[in-house]
Undergrad: 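My questions all concern the structure below.
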Amino acid sequence: MAAQILRGQPVVERLHRNIEQQIAALAALEIVPTLAIVDATGDASSALYASEKEKACAKLGIQTQLLTLPPSGAGRELVEHLRELAESSKVHAIIMESPVSEEYSSLHPSLRIPPEKDVEGLHPVNLGRLVAGNPLFVPATAAACVEMLHHYEIPIAGKRVVIVGRSLVIGKPLALLMLAEDATVTLCHSLTRDLAYETRQAEILIVATGKPELVTASMVTPGAVVLDFGTNFGPDGQVVGDVEQAGVKLVASALSPPQGGLGPVTTALLLWQVVEAARLRAEVKATS
């Protein structure tokens with residue numbers, strides 16, 4: 001029997017309803033959640049992603065401020081703009097498109113975004129809170145995985161979870177989120193010996209490597225749940241995942257597609273955290 005396809009749209013619809021309710025509550029306090037997007041990549045795809053975020057925010061009633069800088073030579077401006085956004089009472093959340101140049105990375109931009117405005121969850125304080133089991137904001141991409149499993153009522157507690165990929169935005173934080181859900185977690189990476197052996201141990205297999213169709217059917221134990229974070233372009237220009245979908249869907253019990261799967265859930269969760277940042281700011285203001 002073919003795998004159940006875990007589509008993101010039902011999850012997104014539920015999250016959007018919750019976001020709209022929160023925005024309505026904030027409107028009663030004359031607060032409009034506002035997200036600042038800083039794009040200093042000089043990359044066309046990053047500019048497209050920023051534009052998509054603006055459109056998603058506009059549909060829900062979240063205001064945006066887009067700041068575009070050249071990919072190099074504007075370090076002083078970047079630092080100054082981040083300082084202004086950090087201090088602005090009208091901006092509740094800040095994100096930076098990636099990847100940025102080594103020149104900008106050396107300025108440690110994530111440290112210049114206050115933890116309470118860091119809705120990407122990359123500030124060391126937010127990462128530390130995640131490690132401590134008291135998260136404020138977490139990387140939305142990692143959180144999307146947990147949200148998807150909860151929505152489809154797929155049990156996590158006690159399950160053996162194998163994550164392929166150890167990035168700071170997916171693999172590492174996701175391992176911590178899964179531990180918090182009482183899973184037993186194995187984190188694999190490019191130097192893992194006999195990767196196929198490790199992936200076959202998984203009851204829940206999560207793949208986030210950026211390598212097209214790395215995981216094939218022979219690497220998946222029958223009945224496993226497989227979540228595919230990959231968004232790669234094949235030779236014919238079609239989007240393919242990190243999982244070989246055609247074969248794996250005949251083995252797995254459930255499978256997320258590379259398009260319409262975890263991506264839309266990630267965006268919805270990011271916007272949820274923007275609204276949550278505005279709500280928390282309102283609470284602080286009310287008690288100060």
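If you're wondering where the values come from, they're calculated on a predicted model, not measured in any experiment. All values below come from the heavy atoms of this structure, side chains included, with hydrogens, waters and symmetry mates left out.
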Undergrad: May I ask you to test the M219-V164 pair for a side-chain heavy-atom distance under 4.5 Å?
TA: no
Undergrad: Group every Ile, Leu, Val, Met, Phe, Trp and Tyr by side-chain heavy-atom contacts under 4.5 Å, then state whether I206 and V162 land in the same group.
TA: no
Undergrad: Assess whether atom CD of E102 is packed by more than 12 heavy atoms of other residues, nucleotides or ligands within 6.0 Å.
TA: no
Undergrad: Nearest 0.5 Å please: distance from the CD1 atom of I163 over to the CD atom of E198.
TA: 12.5 Å
Undergrad: Does the side-chain contact (heavy atoms from CB on, under 4.5 Å) test come out yes or no for V11 and Y152, once each step is laid out?
TA: CA-CA 9 Å; V11 190; Y152 285 99; 4.3 Å; yes
Undergrad: Before giving the answer on side-chain contact (heavy atoms from CB on, under 4.5 Å), spell out for Q65 and L85 the whole-Å C-alpha distance, their side-chain angles and the decisive distance to 0.1 Å.
TA: CA-CA 10 Å; Q65 297 180 14; L85 293 171; 3.9 Å; yes
Undergrad: Which distance, rounded to the nearest 0.5 Å, do you find between the CH2 of W272 and the CD of Q22?
TA: 4.5 Å
Undergrad: Can you check side-chain contact (heavy atoms from CB on, under 4.5 Å) on Q201 and T186, steps first, answer last?
TA: CA-CA 9 Å; Q201 309 311 305; T186 299; over 6 Å; no
Undergrad: Can you hop from V119 to L271 via hydrophobic side chains spaced under 4.5 Å?
TA: yes
Undergrad: From I31 CD1 over to I23 CD1, what is the distance, rounded to the nearest 0.5 angstrom?
TA: 12.0 Å
Undergrad: With clusters defined by side-chain heavy atoms of hydrophobic residues (ILVMFWY) lying less than 4.5 Å apart, directly or transitively, does V185 cluster with L205?
TA: no
Undergrad: For D242 versus V207, what's the shortest heavy-atom pair and its separation?
TA: CB-CG1, 3.5 Å
Undergrad: Show the nearest heavy-atom pair for residues L227 and S256, with the distance to one decimal.
TA: CA-OG, 3.5 Å
Undergrad: Ignoring hydrogens and geometry, is there a side-chain-to-backbone donor-acceptor pair from Y104 to A74 under 3.5 Å?
TA: yes
Undergrad: Determine whether a donor-acceptor pair (N or O, by modelled atom type, separation under 3.5 Å) exists between the side chain of E116 and the backbone of R281.
TA: no
Undergrad: Side chain of S167, backbone of I170: donor and acceptor closer than 3.5 Å?
TA: yes
Undergrad: Treating Ile, Leu, Val, Met, Phe, Trp and Tyr as nodes and any side-chain heavy-atom pair under 4.5 angstrom as an edge, say whether L255 and V240 lie in one connected cluster.
TA: no
Undergrad: Below 4.5 Å, heavy atoms only, C-beta onward: do Y49 and T41 meet side chain to side chain?
TA: no
Undergrad: Any salt bridge between E20 and R17, counting N to O under 4.0 Å?
TA: no
Undergrad: Please find the pair of heavy atoms, one from A278 and one from L26, that lie closest to each other, and give the distance.
TA: CB-CD1, 3.9 Å
Undergrad: Do NZ/NE/NH1/NH2 and the carboxylate oxygens of E87 and R83 come within less than 4.0 Å?
TA: yes
Undergrad: Decide, yes or no, whether a salt bridge links R279 with E276 under the criterion of side-chain N to carboxylate O below 4.0 Å.
TA: yes
Undergrad: Checking side chain to side chain contact (heavy atoms under 4.5 Å, CB included) between V274 and each of L60, I62, T34, which is the one that passes?
TA: I62
Undergrad: To check you understand the geometry: which heavy-atom pair defines the closest contact between H151 and R14, and what is its length?
TA: ND1-NE, 3.6 Å
Undergrad: Of all heavy-atom pairs between T266 and A144, which one has the smallest distance, and what is that distance?
TA: OG1-CB, 3.4 Å
Undergrad: Does R112 reach the main-chain N or O of L107 with its side chain, forming a donor-acceptor pair under 3.5 Å?
TA: yes
Undergrad: Rounded to the nearest 0.5 Å, what separates atom CG in L6 from atom CG in L149?
TA: 7.5 Å
Undergrad: Please determine whether side-chain contact (heavy atoms from CB on, under 4.5 Å) holds for the pair K211 and N232, giving the CA-CA distance in whole Å, both sets of side-chain angles, and the decisive distance to 0.1 Å.
TA: CA-CA 7 Å; K211 296 182 179 180; N232 314 287; over 6 Å; no
Undergrad: What's the shortest heavy-atom distance between A224 and A202, and which atoms?
TA: CB-O, 3.6 Å
Undergrad: Which of these, I5, V226, D228, sits in a side chain to side chain contact (heavy atoms under 4.5 Å, CB included) with Q245?
TA: D228
Undergrad: May I ask you to check whether over 12 heavy atoms, not counting those of R160, lie within 6.0 Å of atom CZ?
TA: no
Undergrad: With the 4.5 Å side-chain cut-off for hydrophobic clustering, are L270 and V138 part of the same group?
TA: no
Undergrad: Return the CG to CD distance between L69 and E97, rounded to the nearest 0.5 Å.
TA: 12.5 Å
